[in-house]
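Sequence lines set the chain letters: A, B, ... in the order given, protein chains first and strands last, and positions in each chain run from 1.
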2 protein chains.
Amino acid sequence: MVTHKRRQFLLDMIQKQPCLRVSEMAEELDVSEGTIRNDLNALQGEGLVKRVHGGAVVIERSAIGNNSFFTRYDQNLDRKNAIAREAAKLVSDGDSILLDASSTAYCLACALADRKDLRVVTNGFNTANELAKNNSNNVALIGGMVNYSSSSVTGLLSERIIEDLHVQKAFLSCSGFSLERGMTEVHLNEAQLKRKVIHITDQLIALIDSSKFGKEDMTPFAKLENIDKLFTDGEISHEWKERLSMAGIDTVICHHEANATYD
Amino acid sequence: MVTHKRRQFLLDMIQKQPCLRVSEMAEELDVSEGTIRNDLNALQGEGLVKRVHGGAVVIERSAIGNNSFFTRYDQNLDRKNAIAREAAKLVSDGDSILLDASSTAYCLACALADRKDLRVVTNGFNTANELAKNNSNNVALIGGMVNYSSSSVTGLLSERIIEDLHVQKAFLSCSGFSLERGMTEVHLNEAQLKRKVIHITDQLIALIDSSKFGKEDMTPFAKLENIDKLFTDGEISHEWKERLSMAGIDTVICHHEANATYD
DNA sequence: AAAGTATTGACAAGAATCGCAAATTAATAT
DNA sequence: ATATTAATTTGCGATTCTTGTCAATACTTT
């Protein structure tokens, strides 16, 4: 309770005066610097601020669309950020990568803010926009039919373009995952696009938060053997951990460092 | 934080006064020149500035702050809305139309909110998003390289896709207009895209607010005889009204509230 | 063209800050 | 009252930032 209040207060402080040192905040609130650091990291986990050396800055939410993308984005944000943080380690300056239109991929895009000279292909508006903020990056948005609710494009135009591209790493999410059918997707269009992606990437990296395991949706697009690396979060069950291991899938479990706050 | 804040501040300084020496900045901010150099190099790494001997210049003035699309959008909003309101009358349910990424086209998109079953092609994020809110519409976003500052896509991908499409009406804006060179555009990419558009549309409808008349920018993309109809606002000078009339251009003057006058 | 001045990147020393993990304290449940 | 869990503090090695120095490079002036 006290901690929650303090964090709200911190948010206010940062908003009003964005050049505070950790030490100043610690003194102001009469707690140790370590606590402030914990708070700042927790707030970062919730996607409310971005840490910078010496403090934190408020995050300005992308201008495009106050639609349902961000409601999806808010769900399980900590898990997604944990996954994004780990997955980001696979990307170096100058890499060519592909991201889908999922909110997890958007988190990854945010986590790549300090990379340079990336060549990015994506079909997500917000992801494209986020990465295009950095002028050294080269961001290609795949064309196609616009889906307002997911802020993405799919369809024939997209698929034909994809065929002519090639990337080192493709980061794909899915709406369901099972050992039998691999990665599955609710929407046919999305799945078709992702199928094509598999053919034009050196590595397929799956970003699958723990809630997706055991669900099977309409359209499968990637079998287990297509997956080069799988990132998931710490909430995954022991059973599934076991199964993935047995299936020989290179799995990374991403724990979020900052514990969830409660009211 | 101090360092992040300082770098933001540096960006501002450079933007406002692009020929500052490192030594001046160092004194102004009360840090060593080495620090300024580090900052400048870091900002260059983020693709925000380009180093030059003695200082740095901004890469793209507009890309620094928040998404500049909406700052452009706010300028002369009345005029744009007047134009959009009139131009919208040309569009009926079920039409296939093309809109560019300009803020005027975005106004038009907003004015088309109550149309149904439109088939739309555009290269502007916000325009696409606005029209895709209506589920009965079919909105295609042209793929290509993302330009953050204008929230649009251009480039080779876009151009190839355009060639395979066809629309009844294309609504294009421009950054300059003269009788000799017709519609001109500051950015080469934009102009190239628009040139292609002319070939795949039955009608070209020009949306040109009065501030553009008499300006000539780098790249021409449409001659007078390409223009089927021209919409502008009431602030246009008598001279230009005369000239357009003499040139035989079908012009519509759009007044803020009252009805438009037709010549 | 040569001399003179300014600016540069690179490096190293020192300071500030960071993340991590273990220890301590507070809160809550048994 | 005691055990358990969450929150905070503390200490320490690692990292990042700042600054000053210095040789190399780029501009200016003569």
From [atom1] of [X] over to [atom2] of [N], roughly how many Å is that when rounded to an integer?
{"X": "A/Arg37", "N": "D/dT9", "atom1": "CZ", "atom2": "P", "result": "12 Å"}
{"X": "A/Asn41", "N": "D/dA7", "atom1": "CG", "atom2": "P", "result": "15 Å"}
{"X": "A/Gln44", "N": "C/dG19", "atom1": "CD", "atom2": "C1'", "result": "12 Å"}
{"X": "A/Lys5", "N": "C/dA26", "atom1": "NZ", "atom2": "P", "result": "19 Å"}
{"X": "A/Ile36", "N": "C/dC18", "atom1": "CD1", "atom2": "C1'", "result": "15 Å"}
{"X": "A/Leu10", "N": "D/dT8", "atom1": "CG", "atom2": "P", "result": "11 Å"}

Handout entry: Flag, side chain of B/Arg21 to backbone of B/Met25, donor-acceptor distance under 3.5 Å
Key = no
Practice task
Spell out, as yes or no, whether a donor-acceptor pair under 3.5 Å connects the side chain of A/Ser96 to the backbone of A/Gln168.
Solution key: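 Yes.
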Fill in the blank from the handout: Which of A/Ile142, A/Asn123, A/Val146 passes side-chain contact (heavy atoms from CB on, under 4.5 Å) with B/Leu141? It is A/Val146
Problem - Sub-6.0 Å ring centroid separation between B/Phe125 and B/Phe69 - result: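 Distance test on ring centres: not under 6.0 Å, no.
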Practice task
Tell me whether the OP1 or OP2 atom of C/dG9 has a side-chain N or O from B/Arg51 closer than 4.0 Å.
Solution key: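 Answer yes for this pair, as a side-chain N or O of B/Arg51 is under 4.0 Å from OP1 or OP2.
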Practice task
With sequence neighbours excluded, tell me which residues meet ring pair (Phe, Tyr, Trp, His ring centres under 6.0 Å) with A/Phe171.
Solution key: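 Here no residue qualifies.
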Practice task
Could you list by number each residue of residues 108-117 of chain A showing a heavy-atom separation from DNA chain C of less than 4.0 Å, or answer none if no residue does?
Solution key: none
Exercise for the section: Might you point out which heavy atoms bring A/Ser210 and A/Glu235 nearest each other, and give the distance in Å? Expected result: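 Minimum heavy-atom separation between A/Ser210 and A/Glu235: OG-CB, 3.4 Å.
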Could you run down the sub-3.5 Å N/O contacts of the protein with nucleotides 16-19 of chain D?
unit_1	atom_1	unit_2	atom_2	d
D/dT18	OP1	B/Arg6	NH1	3.0
D/dT18	OP1	B/Arg6	NH2	2.8
D/dT18	OP2	B/Arg6	NH2	3.0
D/dT19	OP2	B/Ser32	N	3.0
D/dT19	OP2	B/Ser32	OG	3.3
D/dT19	OP2	B/Thr35	OG1	2.3

Exercise for the section: Name the nucleic acid region contacted by A/Arg21, choosing base, sugar-phosphate or nothing; use a 4.0 angstrom heavy-atom cut-off, strictly under. Expected result: sugar-phosphate
Handout entry: Interatomic distance, A/Leu10 atom CG to A/Gln8 atom CD [nearest 0.5 angstrom]
Key = 9.5 Å
Exercise for the section: Indicate yes or no: at least one non-hydrogen side-chain atom of A/Gln192 is less than 4.5 angstrom from one of A/Glu185. Expected result: no
Handout entry: B/Lys194/B/Asp100 ion pair, N-O < 4.0 Å
Key = yes
